[in-house]
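Keep in mind that what you see is a predicted model, and the values were worked out from it rather than measured. Note that the numbering runs from 1 along the sequence shown for the chain. Just so you know, these numbers use all the heavy atoms, side chains as well, and skip hydrogens, waters and symmetry mates.
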Amino acid sequence: PELADSNMRLEFINYGDTQMVYVLTANGKKWSVLVTQPSQKVGIGNDEFNNLRQLSDIESDVVVKPEYYFTDGKHELYVSPYIYQARCVASQDMGYGIYIPEPYYRFEPFFRKDEDVVNTCMIANLIRLYDDEKNLGIGACKIGGGDFILDKSWDSSDRSITTTLDKMKLIAARELIPMSLEDYEQQLLIEFSERTYYRDYSERDPSILINHKNRIPMKIEVIGEGIELGRQLRKER
(Lines give C-alpha, C1' and ligand atoms only; values in the text may rest on other atoms or scores of the structure.)
Protein backbone atom coordinates (compact mmCIF):
# COMPACT_ATOMS: atom_id res chain seq x y z
CA PRO A 1 0.00 0.00 0.00
CA GLU A 2 2.79 2.50 0.64
CA LEU A 3 3.72 2.32 -3.06
CA ALA A 4 0.15 2.98 -4.22
CA ASP A 5 -0.60 6.66 -4.75
CA SER A 6 -2.91 8.27 -7.30
CA ASN A 7 -0.35 11.07 -7.64
CA MET A 8 2.72 8.82 -7.93
CA ARG A 9 5.53 9.89 -10.27
CA LEU A 10 8.05 7.63 -12.00
CA GLU A 11 11.27 9.11 -13.42
CA PHE A 12 13.98 7.32 -15.41
CA ILE A 13 17.46 8.07 -14.07
CA ASN A 14 19.96 5.46 -15.28
CA TYR A 15 20.56 2.13 -16.96
CA GLY A 16 23.06 -0.71 -16.83
CA ASP A 17 23.65 -4.07 -18.48
CA THR A 18 21.23 -5.78 -16.09
CA GLN A 19 18.65 -3.18 -15.09
CA MET A 20 17.01 0.14 -15.85
CA VAL A 21 16.71 2.41 -12.82
CA TYR A 22 13.79 4.69 -12.01
CA VAL A 23 12.85 6.87 -9.06
CA LEU A 24 9.30 6.43 -7.77
CA THR A 25 7.75 9.18 -5.68
CA ALA A 26 4.71 7.95 -3.76
CA ASN A 27 3.06 9.13 -0.55
CA GLY A 28 5.80 11.67 0.05
CA LYS A 29 8.62 9.10 -0.13
CA LYS A 30 11.13 8.26 -2.86
CA TRP A 31 12.06 4.72 -3.92
CA SER A 32 14.54 3.22 -6.38
CA VAL A 33 12.82 0.91 -8.88
CA LEU A 34 15.14 -1.53 -10.70
CA VAL A 35 13.56 -3.09 -13.78
CA THR A 36 15.35 -6.06 -15.37
CA GLN A 37 16.46 -5.30 -18.92
CA PRO A 38 14.37 -7.01 -21.65
CA SER A 39 17.51 -8.78 -22.90
CA GLN A 40 17.98 -10.52 -19.54
CA LYS A 41 16.12 -13.65 -18.42
CA VAL A 42 13.49 -13.40 -15.71
CA GLY A 43 14.98 -14.39 -12.35
CA ILE A 44 18.09 -12.24 -12.43
CA GLY A 45 16.29 -9.49 -10.53
CA ASN A 46 14.99 -11.97 -7.96
CA ASP A 47 18.52 -13.33 -7.43
CA GLU A 48 19.88 -9.85 -6.78
CA PHE A 49 16.95 -8.98 -4.52
CA ASN A 50 17.67 -12.08 -2.40
CA ASN A 51 21.45 -11.53 -2.44
CA LEU A 52 21.13 -7.97 -1.17
CA ARG A 53 18.74 -9.00 1.59
CA GLN A 54 21.12 -11.79 2.62
CA LEU A 55 24.09 -9.39 2.67
CA SER A 56 22.12 -6.84 4.69
CA ASP A 57 21.79 -9.47 7.41
CA ILE A 58 25.59 -9.44 7.68
CA GLU A 59 26.07 -5.64 7.68
CA SER A 60 22.82 -3.68 7.53
CA ASP A 61 24.66 -0.34 7.61
CA VAL A 62 26.63 -1.16 4.46
CA VAL A 63 23.93 -2.57 2.17
CA VAL A 64 20.84 -0.82 0.79
CA LYS A 65 18.25 -3.51 1.51
CA PRO A 66 15.50 -3.90 -1.11
CA GLU A 67 11.95 -4.01 0.23
CA TYR A 68 9.71 -5.41 -2.52
CA TYR A 69 9.95 -7.76 -5.51
CA PHE A 70 7.34 -8.07 -8.27
CA THR A 71 7.00 -10.28 -11.35
CA ASP A 72 4.27 -11.28 -13.80
CA GLY A 73 6.37 -14.20 -15.05
CA LYS A 74 7.64 -12.25 -18.07
CA HIS A 75 9.03 -9.09 -16.46
CA GLU A 76 10.39 -8.29 -13.01
CA LEU A 77 11.49 -5.44 -10.81
CA TYR A 78 12.46 -4.78 -7.24
CA VAL A 79 12.09 -1.69 -5.09
CA SER A 80 14.64 -0.25 -2.65
CA PRO A 81 14.88 2.91 -0.55
CA TYR A 82 16.20 5.80 -2.66
CA ILE A 83 19.41 7.50 -1.54
CA TYR A 84 18.86 11.12 -2.56
CA GLN A 85 21.44 12.45 -5.04
CA ALA A 86 23.93 9.70 -4.18
CA ARG A 87 27.25 9.62 -6.02
CA CYS A 88 27.90 6.40 -7.99
CA VAL A 89 31.55 5.29 -7.88
CA ALA A 90 32.76 4.39 -11.36
CA SER A 91 35.83 4.06 -13.54
CA GLN A 92 36.44 5.63 -16.90
CA ASP A 93 39.59 5.54 -19.04
CA MET A 94 40.68 8.77 -17.31
CA GLY A 95 40.51 7.11 -13.87
CA TYR A 96 38.16 6.46 -10.97
CA GLY A 97 35.59 9.03 -10.00
CA ILE A 98 31.93 9.62 -9.25
CA TYR A 99 28.81 10.38 -11.24
CA ILE A 100 27.13 13.48 -9.80
CA PRO A 101 23.44 13.95 -10.67
CA GLU A 102 23.00 17.65 -9.94
CA PRO A 103 22.76 20.28 -11.29
CA TYR A 104 23.41 18.10 -14.37
CA TYR A 105 24.49 14.46 -14.63
CA ARG A 106 28.26 14.23 -15.08
CA PHE A 107 31.39 12.23 -14.25
CA GLU A 108 34.11 13.81 -12.15
CA PRO A 109 37.44 12.02 -11.58
CA PHE A 110 38.84 11.77 -8.07
CA PHE A 111 41.93 13.50 -6.85
CA ARG A 112 44.56 10.78 -6.34
CA LYS A 113 44.26 10.83 -2.54
CA ASP A 114 40.48 10.44 -2.70
CA GLU A 115 40.79 7.66 -5.28
CA ASP A 116 43.05 5.62 -2.99
CA VAL A 117 40.73 6.12 0.00
CA VAL A 118 37.57 5.17 -1.92
CA ASN A 119 39.20 2.12 -3.55
CA THR A 120 40.54 0.96 -0.18
CA CYS A 121 37.05 1.22 1.29
CA MET A 122 35.38 -0.65 -1.59
CA ILE A 123 37.80 -3.57 -1.24
CA ALA A 124 37.35 -3.48 2.56
CA ASN A 125 33.58 -3.73 2.16
CA LEU A 126 33.88 -6.72 -0.16
CA ILE A 127 35.89 -8.47 2.59
CA ARG A 128 33.55 -7.17 5.28
CA LEU A 129 30.51 -8.65 3.50
CA TYR A 130 32.03 -12.10 2.96
CA ASP A 131 29.65 -14.70 4.42
CA ASP A 132 31.81 -17.13 6.38
CA GLU A 133 28.83 -19.22 7.48
CA LYS A 134 28.08 -20.14 3.86
CA ASN A 135 31.57 -19.43 2.43
CA LEU A 136 30.21 -16.95 -0.11
CA GLY A 137 31.77 -13.77 -1.47
CA ILE A 138 30.30 -11.12 -3.76
CA GLY A 139 30.95 -11.93 -7.42
CA ALA A 140 30.21 -10.29 -10.79
CA CYS A 141 30.85 -6.97 -9.11
CA LYS A 142 31.12 -3.83 -11.23
CA ILE A 143 33.14 -1.98 -8.66
CA GLY A 144 34.03 0.59 -11.29
CA GLY A 145 30.47 0.99 -12.51
CA GLY A 146 28.05 2.01 -9.81
CA ASP A 147 27.73 -0.95 -7.44
CA PHE A 148 28.98 1.28 -4.63
CA ILE A 149 27.55 4.72 -3.89
CA LEU A 150 28.61 7.57 -1.64
CA ASP A 151 26.18 9.75 0.27
CA LYS A 152 25.98 13.29 -1.11
CA SER A 153 27.44 14.66 2.14
CA TRP A 154 30.72 12.87 1.36
CA ASP A 155 31.54 15.77 -1.00
CA SER A 156 31.88 18.22 1.88
CA SER A 157 33.39 15.79 4.39
CA ASP A 158 37.04 15.22 5.31
CA ARG A 159 37.03 12.20 2.93
CA SER A 160 38.99 10.10 5.40
CA ILE A 161 38.83 6.29 5.57
CA THR A 162 36.45 6.46 8.55
CA THR A 163 34.12 8.98 6.94
CA THR A 164 34.15 7.23 3.57
CA LEU A 165 33.24 3.88 5.16
CA ASP A 166 30.41 5.59 7.00
CA LYS A 167 29.02 7.16 3.82
CA MET A 168 29.50 4.23 1.41
CA LYS A 169 26.73 1.75 0.50
CA LEU A 170 26.50 -1.33 -1.71
CA ILE A 171 23.48 -1.24 -4.03
CA ALA A 172 24.09 -4.26 -6.32
CA ALA A 173 24.92 -7.94 -5.79
CA ARG A 174 24.46 -9.98 -8.96
CA GLU A 175 26.18 -13.12 -7.71
CA LEU A 176 27.42 -14.73 -4.51
CA ILE A 177 30.24 -17.14 -5.34
CA PRO A 178 31.41 -20.12 -3.24
CA MET A 179 35.02 -19.63 -2.18
CA SER A 180 37.05 -19.64 1.02
CA LEU A 181 37.88 -16.24 2.48
CA GLU A 182 41.60 -16.82 1.84
CA ASP A 183 40.95 -17.65 -1.82
CA TYR A 184 38.60 -14.68 -2.10
CA GLU A 185 41.33 -12.35 -0.83
CA GLN A 186 43.79 -13.78 -3.36
CA GLN A 187 41.27 -13.38 -6.15
CA LEU A 188 40.81 -9.72 -5.23
CA LEU A 189 44.58 -9.16 -5.42
CA ILE A 190 44.75 -10.82 -8.84
CA GLU A 191 41.67 -9.35 -10.47
CA PHE A 192 41.66 -5.76 -9.23
CA SER A 193 45.26 -5.20 -10.29
CA GLU A 194 44.13 -5.77 -13.91
CA ARG A 195 41.93 -4.01 -16.46
CA THR A 196 38.93 -6.32 -16.97
CA TYR A 197 36.71 -4.20 -19.23
CA TYR A 198 34.80 -5.91 -22.03
CA ARG A 199 32.31 -4.45 -24.51
CA ASP A 200 29.98 -7.44 -24.71
CA TYR A 201 29.65 -10.77 -22.95
CA SER A 202 31.41 -12.73 -25.71
CA GLU A 203 34.66 -10.88 -24.85
CA ARG A 204 34.46 -11.60 -21.13
CA ASP A 205 37.30 -13.63 -19.58
CA PRO A 206 35.54 -16.47 -17.69
CA SER A 207 38.39 -16.66 -15.17
CA ILE A 208 37.42 -13.21 -13.86
CA LEU A 209 34.90 -13.99 -11.12
CA ILE A 210 34.59 -10.75 -9.15
CA ASN A 211 35.89 -7.67 -10.97
CA HIS A 212 33.71 -7.28 -14.08
CA LYS A 213 34.14 -4.48 -16.64
CA ASN A 214 36.65 -2.38 -14.71
CA ARG A 215 38.55 0.04 -16.94
CA ILE A 216 41.38 0.94 -14.56
CA PRO A 217 43.65 -1.40 -12.56
CA MET A 218 43.96 -0.62 -8.87
CA LYS A 219 47.33 -0.22 -7.24
CA ILE A 220 48.33 -3.47 -5.58
CA GLU A 221 49.15 -1.68 -2.31
CA VAL A 222 45.65 -0.15 -2.23
CA ILE A 223 44.07 -3.60 -2.70
CA GLY A 224 46.27 -4.94 0.11
CA GLU A 225 45.31 -2.07 2.42
CA GLY A 226 41.64 -2.69 1.62
CA ILE A 227 41.96 -6.37 2.50
CA GLU A 228 43.66 -5.54 5.82
CA LEU A 229 40.99 -2.96 6.62
CA GLY A 230 38.27 -5.49 5.78
CA ARG A 231 39.84 -8.02 8.15
CA GLN A 232 39.91 -5.40 10.89
CA LEU A 233 36.25 -4.54 10.32
CA ARG A 234 35.32 -8.22 10.52
CA LYS A 235 37.13 -8.56 13.84
CA GLU A 236 35.34 -5.50 15.20
CA ARG A 237 31.99 -6.98 14.18
Nearest heavy-atom neighbours spanning [X] and [Y]:
X: Val64; Y: Ser80; answer: CG1-CB, 4.2 Å
X: Ile149; Y: Cys88; answer: CG2-SG, 3.9 Å
X: Arg195; Y: Arg215; answer: NH1-O, 3.1 Å
X: Leu136; Y: Tyr130; answer: O-CD1, 3.3 Å
X: Phe192; Y: Ile143; answer: CE2-CG2, 3.2 Å

Are side-chain N/O atoms of [X] and [Y] paired as donor and acceptor at under 3.5 Å?
X: Glu236; Y: Gln232; value: yes
X: Tyr69; Y: Glu76; value: yes
X: Ser153; Y: Lys167; value: yes
X: Gln40; Y: Gln19; value: no
X: Asp183; Y: Ser180; value: yes

*With a 4.5 Å limit on heavy-atom distance, are the side chains of Trp154 and Ile98 in contact?*
yes
Has [X] got a side-chain atom pairing as donor or acceptor with [Y]'s backbone, closer than 3.5 angstrom?
X: Asp114; Y: Phe110; result: no
X: Gln37; Y: Gly16; result: yes
X: Asp131; Y: Lys134; result: yes
X: Thr120; Y: Asp116; result: yes
X: Ser60; Y: Ser56; result: no
X: Ser193; Y: Ile190; result: yes
X: Arg204; Y: Asp200; result: no

*Should Lys169 and Glu59 count as an ion pair when the cut-off is N to O under 4.0 Å?*
no
*Taking only Lys NZ, Arg NE, NH1 and NH2, and the carboxylate oxygens of Asp or Glu, determine whether Arg106 and Glu108 approach each other closer than 4.0 Å.*
yes
Group every Ile, Leu, Val, Met, Phe, Trp and Tyr by side-chain heavy-atom contacts under 4.5 Å, then state whether [X] and [Y] land in the same group.
X: Tyr15; Y: Tyr99; result: no
X: Leu189; Y: Tyr184; result: yes
X: Leu10; Y: Val23; result: no

*Pick from Arg174, Lys142, Lys213: which one makes a salt bridge (Lys or Arg N to Asp or Glu O under 4.0 Å) with Asp147?*
Arg174
Could you pull out every donor-acceptor pair under 3.5 Å between side chains of residues 122-129 and any protein atom, sequence neighbours left out?
| unit_1 | atom_1 | unit_2 | atom_2 | d |
| --- | --- | --- | --- | --- |
| Asn125 | OD1 | Arg128 | NH1 | 3.0 |
| Asn125 | ND2 | Cys121 | O | 3.4 |

*So which pairs with a foot in residues 72-92 pass ring pair (Phe, Tyr, Trp, His ring centres under 6.0 Å), sequence neighbours left out?*
none
*So does Phe111 have more than 12 non-hydrogen atoms from other groups sitting under 6.0 Å from CZ?*
no
_Enclosure of Arg112 CZ (heavy-atom neighbours >12, cutoff 6.0 Å)_ = no
*Measure centre to centre between the rings of Tyr22 and Phe12, then say whether the value is under 6.0 Å.*
yes
*asked:* Consider side chain to side chain contact (heavy atoms under 4.5 Å, CB included). Of Ile210, Ile223, Asn214, which one does Glu191 pass it with?
replied: Ile210
*Test side-chain contact (heavy atoms from CB on, under 4.5 Å) on Ser207 and Leu209 and set out the steps.*
CA-CA 6 Å; Ser207 70; Leu209 304 177; over 6 Å; no
